[in-house]
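Read the numbers this way: they start at 1 and go in the same order the structure lists the ligands and their atoms. FYI, side chains are in, hydrogens and waters are out, and symmetry mates aren't considered; it's all heavy atoms of this structure.
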Amino acid sequence: MLAGKNLIYPTDFTVEQLETLFCLADDIIAVPDKYAGRCAGKILATMFFEPSTRTRLSFEAAMERLGGKVLGFADSASSSATKGESIADTIRMISCYADIAVIRHPAEGAAHVAALHSFIPVINAGDGGHQHPTQTLTDLYTIRAKKGHFDNLTIGLCGDLKYGRTVHSLIHAMCRYENVHFVLISPPELRVPDYVIREIEAAAGCSYSVNPNLDDAIRQVDILYMTRVQRERFSSQEEYLRLKDSYILDAQKMKNAKKDMIVLHPMPIVNEITGEVDEDPRACYFVQAQYGMYMRMALILSLLGAQEGPPTVCGGKMFEKVCRNPRPNGTVHCKNPKCVSNLDLTLPIRVKEGGKVCEYCDAAIEE
Ligand code: NCD
């Protein structure tokens with residue numbers, strides 16, 4: 001059903017397809033041996049142009065556990081990106097070597113570009129401050145395990161809502177369920193981007209409120225999704241230092257929360273949750289990270305069409321003709337300096353929503 005697809009946005013799969021993935025992850029956890037050789041002979045490529053611990057290693061562990069092999073690089077310094085190679089050319093080559101690829105890149109829209117030029121399924125493992133859909137799969141799986149449902153939830157999102165791509169992806173995904181209320185807890189400088197707000201406003205059953213006061217907001221939420229302030233995305237170190245400790249969740253604050261609230265965090269935790277909170281049974285972030293590998297096993301199996309047995313479809317696709325035409329001297333460009341189209345000037349501009357929004361990064365397009 002998902003065989004051959006890409007995962008670039010958290011909403012690339014339907015709610016029903018997600019439920020099938022979650023059931024597959026349940027089964028992998030229950031009977032891991034059943035899946036041990038399912039990806040024998042297959043290769044996963046990990047293209048990490050940005051640092052990662054959990055995401056990259058959990059993908060690698062997932063593929064190894066499925067009996068497949070892994071190749072790739074863990075930082076851009078060890079790829080041809082340092083020589084100036086485009087994302088399109090890098091993925092073209094990797095899709096000749098591997099059966100499925102995972103990409104993390106600092107440019108917003110980079111995974112989308114990779115998917116446009118790939119022969120093999122591409123998984124977005126984080127594109128700048130934009131999206132991180134496999135973290136969302138992990139977050140959703142944890143919510144399903146701990147809460148049992150996705151509807152009728154109040155979710156507090158706290159910390160760096162501007163650059164926190166896991167926040168953007170989680171909101172996108174949760175907007176498809178009924179009666180979800182988001183409480184946005186951040187300093188004004190780190191509030192969610194406009195395109196994410198538009199997403200909530202467009203979702204019939206969902207709503208949001210802004211409350212920068214964590215002590216107060218924590219009383220109301222069923223889920224508290226904490227995030228670190230994303231140092232690497234700030235242009236000013238001073239600004240980062242001023243904002244980095246905006247919110248620190250401690251045992252005192254936890255006293256005000258509902259008895260069945262859960263605390264999630266995509267990790268890494270820097271300073272925003274104190275160690276004493278770990279002992280609270282409502283702290284779910286370590287088990288959330290653990291679920292990540294099983295979700296990624298389910299994802300790899302599904303994209304390779306290997307859930308029922310070893311996949312039969314093999315690679316071996318040859319290039320017909322590749323044209324790397326430069327972008328014509330047009331007048332429109334994307335306003336977002338971190339958009340992949342402003343970093344690779346050979347990429348054609350692609351727009352959606354009547355030409356107003358950049359297809360790569362969701363920012364506004366200007367004339
Ligand atoms: C997140 C990311 O990379 O966006 N980490 C992860 O993949 N679990 C969150 C973060 O880095 O703060």
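In this structure, Y240 and F234 have perpendicular ring planes: the angle between them is above 60°, well past the 30° mark.
Residue contact check for ligand 1: E50 places no non-hydrogen atom closer than 4.0 Å to it.
Ligand 1 places these atoms under 4.0 Å from at least one heavy atom of T55: 6 (C), 7 (O). Of all the atoms in ligand 1, the ones that sit under 4.0 Å from a non-hydrogen atom of M267 are 1 (C), 5 (N), 6 (C), 8 (N), 9 (C), 10 (C). Near R104, with a cut-off below 4.0 Å to any heavy atom, the atoms of ligand 1 are 3 (O), 7 (O).
The option with the heavy atom closest to atom 8 (N) of ligand 1, from among P266, A125, P268, is P266.
Geometrically, ligand 1 and E232 share no nitrogen or oxygen pair separated by less than 3.5 Å. For Q135, a nitrogen or oxygen atom sits less than 3.5 Å from a nitrogen or oxygen atom of ligand 1, counting backbone and side chain alike.
D194 CG: 12 or fewer foreign heavy atoms inside a 6.0 Å radius. Heavy atoms of other residues, nucleotides or ligands lying less than 6.0 angstrom from NZ of K253 number more than 12.
Nearest non-hydrogen protein atom to atom 3 (O) of ligand 1 is R165 NH2, 2.9 Å. Distance from atom 11 (O) of ligand 1 to its nearest protein heavy atom, with residue and atom name: R228 NH2, 2.9 Å.
At a heavy-atom cutoff of 4.0 Å, ligand 1 is contacted by no atom of T227, backbone or side chain. At a heavy-atom cutoff of 4.0 Å, ligand 1 is contacted by the side chain of H132 but not by its backbone.
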(request) Kindly indicate, with the supporting measurements, whether the criterion salt bridge (Lys or Arg N to Asp or Glu O under 4.0 Å) is fulfilled by E239 and R242. (result) CA-CA 5 Å; E239 175 92 332; R242 187 169 65 76; 2.7 Å; yes
(message) salt bridge (Lys or Arg N to Asp or Glu O under 4.0 Å), that's the test. Do R233 and E50 meet it? Break it down for me.
(response) CA-CA 12 Å; R233 313 229 182 269; E50 259 192 356; 2.8 Å; yes
